[in-house]
Amino acid sequence: MTELLYLACGLFLLTAVLTLWRRELPVLVRMLAAQGVALAGMAALLAGSAEAGLIAAGLLVLRAGVLPWLVRRATARQGLDRRETRPVVNVTASLLTAALLALIAYAVSRPFVELDPSPASAAAPVGLTVVLIGFFVLVTRRRAVSQLVGFLVLDNGITATGLLLGAEPGLLVEIGVSLDVLLAVLVLQILSGRMRQLFGGTDLGELRELRD
């Protein structure tokens with residue numbers, strides 16, 4: 001079980017790093033779906049009750065199915081504009097930053113790991129690293145859909161960190177949080193569609209140049 005948990009954590013972290021490496025929006029959506037599968041696998045391996053098992057199943061449906069499908073729909077509407085062409089930070093610098101963020105996550109989470117030196121707690125730096133990577137994607141990408149992917153990666157990292165540190169959310173709490181995330185994705189999808197119709201693209205850097 002420990003080896004399977006670490007395998008799921010490794011896949012979870014790898015998908016986050018690949019969102020920094022790849023710029024094609026359809027590829028980012030596939031990475032998001034794979035990350036949802038890894039997150040659900042982690043929740044299933046850590047489940048200690050029937051309620052936790054239901055939460056794992058819900059994570060699989062929502063994070064690996066529904067949310068990537070909604071982002072894929074938003075991506076399909078981009079037409080030929082389906083690639084992050086001008087990120088604020090290039091790929092090489094992004095990957096180097098990911099390594100630095102991993103070191104920071106390890107240093108920050110070390111006191112928590114020492115309090116409970118279990119296999120799950122030892123993997124907590126993975127969840128915190130994904131949180132930082134998701135935030136980094138959110139602030140360095142120009143396309144609205146890319147930023148939406150960063151937001152979802154950030155949320156997945158927060159969920160994974162809580163699971164690995166032993167915080168078992170109640171079923172109603174997890175459902176409420178998931179519905180909030182789903183609502184945010186729906187709103188951002190509508191906004192990106194309207195931006196595409198009105199301005200011909202979703203590059204937020206170009207929109208900042210507009211003047212009344």
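Side-chain atoms are counted along with the backbone in the values below, which use heavy atoms only and exclude waters and symmetry mates. What you see is a predicted model, and the numbers here were worked out from it, not measured in a lab.
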Within a strict 4.5 Å, meaning less than it, do heavy atoms of the L11 and Q35 side chains meet?
no
Is there a side-chain contact between L25 and V29 (heavy atoms, below 4.5 Å)?
no
Where do G53 and A47 come nearest, in terms of heavy atoms and distance?
N-CB, 3.9 Å
For the residue pair L28 and L32, establish whether any side-chain heavy-atom pair is separated by less than 4.5 Å.
no
Answer yes or no: are there more than 12 heavy-atom neighbours, outside F135 itself, under 6.0 Å from its atom CZ?
no
So CG of L152 and CZ of R63: to nearest 0.5 Å the spacing works out to 8.0 Å
If hydrophobic clusters are built by linking Ile, Leu, Val, Met, Phe, Trp and Tyr wherever their side-chain heavy atoms come under 4.5 Å apart, do V66 and V149 end up in the same one?
yes
Hydrogens and angles aside, do S118 and S121 bring a side-chain donor and acceptor to less than 3.5 Å of each other?
yes
What are the two closest heavy atoms between P68 and A33, and how far apart are they?
CG-CA, 3.7 Å
Taking a hydrophobic cluster as the set of Ile, Leu, Val, Met, Phe, Trp and Tyr residues connected by side-chain heavy atoms closer than 4.5 Å, whether directly or through intermediates, do L96 and F136 fall within one such cluster?
no
Sorted by chain and residue number, the salt bridge (charged side-chain N to carboxylate O under 4.0 Å, His left out) partners of E114 (sequence neighbours excluded) come out as R110
Are M31 and L7 connected into the same hydrophobic cluster when the rule is that any two of I, L, V, M, F, W, Y join if their side-chain heavy atoms are below 4.5 Å apart?
no
Treating Ile, Leu, Val, Met, Phe, Trp and Tyr as nodes and any side-chain heavy-atom pair under 4.5 angstrom as an edge, say whether V153 and V37 lie in one connected cluster.
no
Min side-chain heavy-atom separation L101-I133 under 4.5 Å
yes
Return the OG1 to CG distance between T97 and L132, rounded to the nearest 0.5 Å.
11.5 Å
With side-chain contact (heavy atoms from CB on, under 4.5 Å) as the test, would you mind laying out the steps for R23 and V91 before giving the verdict?
CA-CA 9 Å; R23 298 183 182 181; V91 174; 3.5 Å; yes
side-chain contact (heavy atoms from CB on, under 4.5 Å) involving V108 - partner list, sequence neighbours excluded:
I104, L128
Donor-acceptor pair, distance only, cut-off 3.5 Å: does the side chain of Y106 make one with the backbone of T129?
no
Can you see which heavy atom on Y6 is nearest to which on A122, and at what distance?
OH-CB, 3.9 Å
Checking side-chain contact (heavy atoms from CB on, under 4.5 Å) between T161 and each of T159, L165, I158, which is the one that passes?
L165
Here the gap from S146 atom OG to R22 atom CZ, rounded to the nearest 0.5 Å, amounts to 13.0 Å
Inter-residue atom distance D155.CG - L39.CG, 0.5 Å rounding:
9.0 Å
When rounded to the nearest 0.5 angstrom, what distance separates CZ in F151 from CG in N156?
10.0 Å
Rounded to the nearest 0.5 Å, the CG atom of L163 sits from the CD1 atom of I55 at a distance of 8.0 Å
Keeping the roles fixed (side chain from Q147, backbone from R141), state whether a donor-acceptor pair exists under 3.5 Å.
yes
Close side-chain approach of C9 to L5, heavy-atom, < 4.5 Å:
yes
Taking salt bridge (charged side-chain N to carboxylate O under 4.0 Å, His left out) as the definition, give me every residue that meets it alongside R30, ordered by chain and number, with sequence neighbours left out.
none
